[in-house]
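Computed from a prediction, not measured in an experiment: that's the story for all the values here. The sequence lines fix the lettering, A, B, ..., with proteins before strands; numbering per chain opens at 1.
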2 protein chains.
Amino acid sequence: MAATVHQPTVDELYEGVRSGNRALIGRAITLIESRNLKHQDKAQLLLEKLLPHAGGAQRVGISGVPGVGKSTFIEGLGSWLIDQQKKRVAVLAVDPSSGRTGGSILGDKTRMEKLSANKDAFIRPSPSAGVLGGVARATRETIIVLEAAGFDVVLVETVGTGQSETMVSDMVDFFLVLMLPGAGDELQGIKKGILELADMVAVNKADIFEKKIKQAVREYKSALHIMTDASPNWHPPVITVSGLTGDGVPDLWERIEKHARIMSENGERAARRNEQRVSWLKSQIADRLLADFHSDTAVHQAFGPMLEDVRNGKKPVSSAVSDLLKLYHSKGYRGL
Amino acid sequence: MAATVHQPTVDELYEGVRSGNRALIGRAITLIESRNLKHQDKAQLLLEKLLPHAGGAQRVGISGVPGVGKSTFIEGLGSWLIDQQKKRVAVLAVDPSSGRTGGSILGDKTRMEKLSANKDAFIRPSPSAGVLGGVARATRETIIVLEAAGFDVVLVETVGTGQSETMVSDMVDFFLVLMLPGAGDELQGIKKGILELADMVAVNKADIFEKKIKQAVREYKSALHIMTDASPNWHPPVITVSGLTGDGVPDLWERIEKHARIMSENGERAARRNEQRVSWLKSQIADRLLADFHSDTAVHQAFGPMLEDVRNGKKPVSSAVSDLLKLYHSKGYRGL
């Protein structure tokens, strides 16, 4: 560590976050994102202090394929929440494909120029490229920081590919899926599984493709109609919205608030958050055990060739598993 | 081991399986299902010998909620395959909720009385209740045994709840979902995610609910229409079938064979099997590492209270993970 940069203490970070100091909020998040073991110990102490002050925000996940207009929509929604609803709004991103400077999602703040200049907004790009589990961990802990800093709404943007949706839906209270009306007769490019996660579908760019809207809404409604709802108290609505003009944004937010009211009153929201923490704990343990396994030199050397033999059907899976675990355990007390 | 029962050697089992000896096939499967470590070593040797002779069957997963008529359908399909197509047919089940004697699925062989009496059929209930990963492992390895024994078709039945569908779809070439036409205007009880796995949807009991059929077919087609197909070369069809009368069974099988032809020719079938083996290897490693973790006495004692603190938001997840891993590693060489 260079002596020229003062490293704030845990107490300084805590006070800074609690008083809403933007620079120290940023430093706290950087600490949480660090893979340095000393930083991680410090981050844990900080999180333990902040945790009692967390939990107050409306956490909304926002997903949609590239091109659906997420940035424009989030800028519009965020500005409206600040100007009309007097909310303080934080925007995070989960995009394992993108480094801090990658720019594919939120990387270029100028994409949300208006919002990022607002004193009641806080925008943070995706943690630098790494395993998805690590990116998700940092984002979950960043939500704790932002809630302890008093933000009322945390929007978590994710690009509509891969497993990142599942992870984001597992850290928010409400999962919003932005959809494009189909380019032709068919609705294209809907990722498998994405509708299952949706608490609401919003068909975006209503102003551009006006003619296709009704058909798109009908088809999404029909698809959601035959799926079992995750909650007996909420059927995901399908609405239209325009990120560009802001049409539909008040209706959209009203539904998110209605969802929050219903789920808070009947206890489902607390239960969802509790289960999210439990599943997070379990996945973190599994991730750490696997990371330790793969960091073993003998395992590392044997794994590639063994994987190929399994892939090609030359070696039974159970034999490969057994061989690899014997290698892993050979140095420790956990002999088979 | 009691001296009164002769334990067949690996070579005896191998010869027995290869020659289609039903008693020895059964013994081989029992060996594979055993959790006894000595048995597992023996099972590995057997699988290594059998593996070069495996891979020849059409592997079909069949899923559907209880009440959809899976047993009747499988009995009808199996009998038809044997009588009309001169196939040898094996039927397995994956049902982690059911012990060998539980009876909720295939447990009672009389449910498939006709098929189980057929010399060209082999029916095996789900391995006894246990973790799903273990049940799935045994079933995958049982497929190897049955293929080495010369069965042409392996049907893997699974009950339409929980994660068992995903696991079964990950061990077969073709995943068939049986559906009931809706009782009212709506189609009820469709498990989230099940349609995404389907290579075909068959609306069952076409003879009973004739009036509802067309609407059901239309709605499933519409739902599948807006989902991205897993393969560019196959769009999951929606057909009707009657397990009771056998109506639709030849059409159903013809489509499964067509799928097999297309996917074999373009290499997707081999690729799917290769990826299935890789994902099986990875999940087995993760399962074993987690089992070892939870078998640690110190971890075992601390886990429950720690989980509660995490669930209730009293302890940050990262702290709990860190504490638990320190406990786990404290006795071994893998100190943090």
Among the listed options [options], the residue most often paired with chain B at heavy-atom distances under 4.5 Å:
| options | answer |
| --- | --- |
| A:Leu307, A:Leu281, A:Asn312, A:Asp41 | A:Leu281 |
| A:Lys282, A:Glu48, A:Glu308, A:Gln284 | A:Glu48 |
| A:Gly55, A:Ser318, A:Ala54, A:Ala286 | A:Ser318 |

task = Determine which residues belonging to residues 267-280 of chain B lie within contact range of chain A, meaning some heavy atom pair is under 4.5 Å apart, and list them by number or answer 'none'.
result =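 Answer by number: B:Asn274, B:Glu275, B:Arg277, B:Val278, B:Trp280.
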Which answer fits [X], side chain, backbone, both or neither, if we ask what part of it has an atom under 4.5 Å from a heavy atom of chain A?
| X | value |
| --- | --- |
| B:Leu324 | side chain |
| B:Glu141 | side chain |
| B:Leu51 | side chain |

Distance-only, no hydrogens or angles: does the [X] side chain make a donor-acceptor pair with backbone N or O of [Y] under 3.5 Å?
| X | Y | value |
| --- | --- | --- |
| A:Ser295 | A:Asp292 | yes |
| A:Asp199 | A:Pro236 | no |
| B:Asp309 | B:Lys314 | no |

Heavy-atom check, side chain of A:Leu290 versus side chain of B:Ile285, under 4.5 Å =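 Sidechains of B:Ile285 and A:Leu290: in contact.
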key: Any side-chain heavy-atom pair of B:Glu165 and B:Val168 under 4.5 Å   =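 B:Glu165 vs B:Val168: side chains apart.
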inquiry  = Let me confirm one number: the CZ-CZ distance from B:Phe303 to B:Phe293, rounded to the nearest 0.5 Å.
reply    =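 Output value for this atom pair is 6.5 Å.
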task = Supply the atom-to-atom distance A:Leu46 CG to A:Tyr14 OH, rounded to the nearest 0.5 angstrom.
result =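 The distance works out to 10.0 Å.
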request  = Step through the shown structure and confirm whether more than 12 heavy atoms of other residues, nucleotides or ligands are within 6.0 Å of NE2 on B:His300.
outcome  =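 It does not: B:His300 NE2 has 12 such atoms or fewer within range.
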inquiry  = A:Ala202: which residues meet the side-chain contact (heavy atoms from CB on, under 4.5 Å) condition with it, sequence neighbours left out?
reply    =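 With sequence neighbours excluded, A:Ala202 shows a side-chain contact (heavy atoms from CB on, under 4.5 Å) to A:Leu176, A:Leu178, A:Ile239, A:Val241, A:Leu252, given in chain and number order.
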